[in-house]
Asker: 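Right, I'll just put the structure down here and ask away after.
Count residues from 1 along the sequence.
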Amino acid sequence: MRLLNRPGSALHKSHHPLEAGRACSSTPAAPLTPDETPQTAAEGLTATSVHATSDASTLENEYSGQMSAHFLQRAKGFLKAEVYLTQFNGQSVVCKDYRRYAGTPAALVARWLVRHELKMLEQLGGWTHAPQAIARLSPLALAMEYIPGPLLSDVASTSDATLSQQLIRIVQQLHQQQMAHNDIRGSNVVLRDGVPVLIDFTSAVRLPRLPGTATLARMMRRFDLRHSLKLKQRTLGRPLSTREARLVMRSKRFNGALRLWKKQILPRLKGR
């Protein structure tokens with residue numbers, strides 16, 4: 001999650017209109033006009049490193065007094081974060097904020113999600129196809145690099161065959177760094193100057209390298225590649241080769257489990 005909407009751009013998280021309001025407010029405020037800019041949310045904060053957490057309580061107290069922010073995603077459903085564009089130490093950042101769960105049992109899981117995504121981004125280092133972690137603003141909030149550009153899900157079908165090839169190569173590079181994304185979709189790919197950048201590493205995992213885990217690692221790689229090929233076929237309108245089409249196909253047992261998850265389990269988790 002987590003992109004900026006420049007004036008005139010179609011950039012937004014799928015099904016979540018851009019809104020403006022206080023980051024901690026549960027009531028949406030009026031949308032920003034194209035001439036408005038997000039105001040400072042963490043003015044005066046002096047955290048200089050992702051690892052600088054010794055004064056985390058002071059940082060959180062200052063951050064909680066933030067001004068208006070540019071919302072990209074309102075939290076809907078269980079363990080969903082508020083995602084908004086704001087300012088941190090003079091730079092535009094995207095904040096993933098789970099503080100709506102503070103004081104509830106879900107806060108334990110939300111804290112783990114923040115730590116986990118921070119760890120995944122740190123391990124990728126300076127990789128240009130993922131955002132950089134900026135700071136852990138509080139135990140329940142993480143600031144990440146803002147990636148300018150449209151979401152792949154907002155890009156109409158294109159005749160540019162290189163885009164799908166780039167995406168598949170980037171996913172393979174991620175696997176070479178012993179990591180699987182596990183949530184590749186059009187709304188989790190940003191086109192920065194036409195080059196794909198993966199975002200939302202909440203579901204990412206380190207590929208296991210222990211004896212006997214080769215099958216599990218192979219399954220996670222295939223999961224990423226399968227979804228990359230679906231984007232190639234459905235979003236970008238590019239045909240699949242025979243080999244790619246076989247990779248996209250799933251077994252009947254897998255399809256049954258997926259339907260159970262999508263039709264019964266997931267709607268209950270989202271409160272539908």
Side-chain angles (χ1 to χ4, degrees), residues 1-3 13 42 45-60 63 72-73 75 78-86 88-89 91-102 104-147 170-185 187-190 192 196-210 213-214 216-221 223-224 227-228:
M1 65 296 43
R2 45 158 284 285
L3 310 215
K13 189 72 174 178
L45 298 183
T46 56
T48 57
S49 168
V50 172
H51 301 285
T53 58
S54 60
D55 57 347
S57 60
T58 301
L59 181 62
E60 182 177 7
Y63 187 74
L72 307 176
Q73 174 181 297
F78 183 62
L79 282 176
K80 292 293 184 179
E82 301 271 1
V83 182
Y84 48 86
L85 175 69
T86 186
F88 180 79
N89 285 348
Q91 71 177 108
S92 295
V93 298
V94 173
C95 180
K96 183 176 284 189
D97 192 337
Y98 294 91
R99 286 179 293 176
R100 65 195 291 248
Y101 297 107
T104 71
L108 295 175
V109 181
R111 284 172 180 250
W112 181 87
L113 291 174
V114 170
R115 290 196 303 267
H116 176 74
E117 186 161 12
L118 174 62
K119 182 178 180 181
M120 295 296 101
L121 293 177
E122 282 184 315
Q123 290 178 347
L124 289 174
W127 194 46
T128 58
H129 301 292
Q132 302 300 302
I134 302 299
R136 186 179 177 188
L137 299 173
S138 85
L140 295 173
L142 171 66
M144 296 168 285
E145 176 191 8
Y146 151 62
I147 308 295
I170 288 167
V171 170
Q172 291 173 335
Q173 289 176 21
L174 181 67
H175 294 167
Q176 290 170 3
Q177 298 189 58
Q178 300 302 314
M179 188 179 296
H181 187 278
N182 283 323
D183 194 19
I184 292 177
R185 63 179 77 182
S187 57
N188 283 339
V189 180
V190 191
R192 175 166 55 189
V197 177
L198 302 178
I199 61 172
D200 196 352
F201 280 76
T202 308
S203 302
V205 295
R206 294 289 292 177
L207 292 172
R209 305 182 68 175
L210 299 174
T213 61
L216 178 60
R218 184 167 58 250
M219 288 175 59
M220 286 191 285
R221 292 190 187 99
F223 186 80
D224 278 354
H227 283 80
S228 301

Asker: Let's go through Leu124 and Leu174 carefully: what are the C-alpha distance in whole Å and the side-chain angles of both, what is the deciding distance for side-chain contact (heavy atoms from CB on, under 4.5 Å) to 0.1 Å, and is it a yes or a no?
Answerer: CA-CA 9 Å; Leu124 289 174; Leu174 181 67; 3.7 Å; yes
Asker: Please determine whether side-chain contact (heavy atoms from CB on, under 4.5 Å) holds for the pair Lys96 and Val114, giving the CA-CA distance in whole Å, both sets of side-chain angles, and the decisive distance to 0.1 Å.
Answerer: CA-CA 8 Å; Lys96 183 176 284 189; Val114 170; over 6 Å; no
Asker: Assess whether a salt bridge exists between Asp200 and Arg185, defined as any Lys/Arg side-chain N lying under 4.0 Å from an Asp/Glu carboxylate O.
Answerer: no
Asker: Verify, without hydrogens or angle tests, whether His116 (side chain) and Ala204 (backbone) share a donor-acceptor contact under 3.5 angstrom.
Answerer: yes
Asker: So, taking the atom named CD in Gln172 and the one named NE2 in His175, what distance separates them when rounded to the nearest 0.5 Å?
Answerer: 8.5 Å
Asker: Could you report the tightest heavy-atom contact between Ala141 and Cys95, atom names first, then the distance?
Answerer: CB-SG, 4.2 Å
Asker: Enter the distance from His181:NE2 to His129:NE2 here, rounded to the nearest 0.5 Å.
Answerer: 13.5 Å
Asker: How close do Ala135 and Leu142 get, heavy atom to heavy atom, and via which atoms?
Answerer: O-CD1, 3.4 Å
Asker: Do Val109 and Tyr98 have side chains that get closer than 4.5 Å, going by heavy atoms?
Answerer: no
Asker: If you define the side chain from C-beta out and look only at heavy atoms, does anything of Leu207 sit under 4.5 Å from Arg221?
Answerer: yes
Asker: Would you say Thr86 and Val93 make side-chain contact, with heavy atoms under 4.5 Å?
Answerer: yes
Asker: Specify the closest pair of heavy atoms between Ala133 and Leu121, including all atoms of both residues, with the distance to one decimal.
Answerer: CB-CB, 4.1 Å
Asker: So, taking the atom named CD in Gln123 and the one named NZ in Lys119, what distance separates them when rounded to the nearest 0.5 Å?
Answerer: 5.5 Å
Asker: Considering all heavy atoms of both residues, which atom of Ser138 and which atom of Arg99 are nearest to each other, and what is their separation?
Answerer: OG-CD, 3.8 Å
Asker: For the residue pair Ile170 and Val197, establish whether any side-chain heavy-atom pair is separated by less than 4.5 Å.
Answerer: no
Asker: With a 4.5 Å limit on heavy-atom distance, are the side chains of Pro131 and Phe201 in contact?
Answerer: yes
Asker: Within this structure, what is the OG-CD1 distance for the pair Ser92 and Ile134, rounded to the nearest 0.5 Å?
Answerer: 10.5 Å
Asker: What is the distance from atom CG of Leu113 to atom CZ of Arg111, rounded to the nearest 0.5 Å?
Answerer: 12.5 Å
Asker: Quick check against the 3.5 Å criterion: does Gln132 have a side-chain atom that pairs as donor or acceptor with the backbone of Met144?
Answerer: no
Asker: Indicate the atoms forming the closest heavy-atom contact of Ile184 with Ser228, along with that distance.
Answerer: CD1-OG, 3.8 Å
Asker: Just how far is it from atom CE of Met120 to atom CE of Met179, taken to the nearest 0.5 Å?
Answerer: 4.5 Å
Asker: Can you check whether Leu108's main-chain N or O pairs, donor with acceptor, with Tyr101's side chain at less than 3.5 Å?
Answerer: no
Asker: Can you give me the closest heavy-atom contact between Asp183 and Asp224, atom names plus distance?
Answerer: N-OD1, 4.4 Å
Asker: Check the pair Val189 / Leu198 against side-chain contact (heavy atoms from CB on, under 4.5 Å), numbers first and verdict last.
Answerer: CA-CA 5 Å; Val189 180; Leu198 302 178; 4.0 Å; yes
Asker: For the pair Arg115 (side chain) and Pro139 (backbone), establish whether a donor and an acceptor sit closer than 3.5 Å, ignoring hydrogens and angles.
Answerer: no
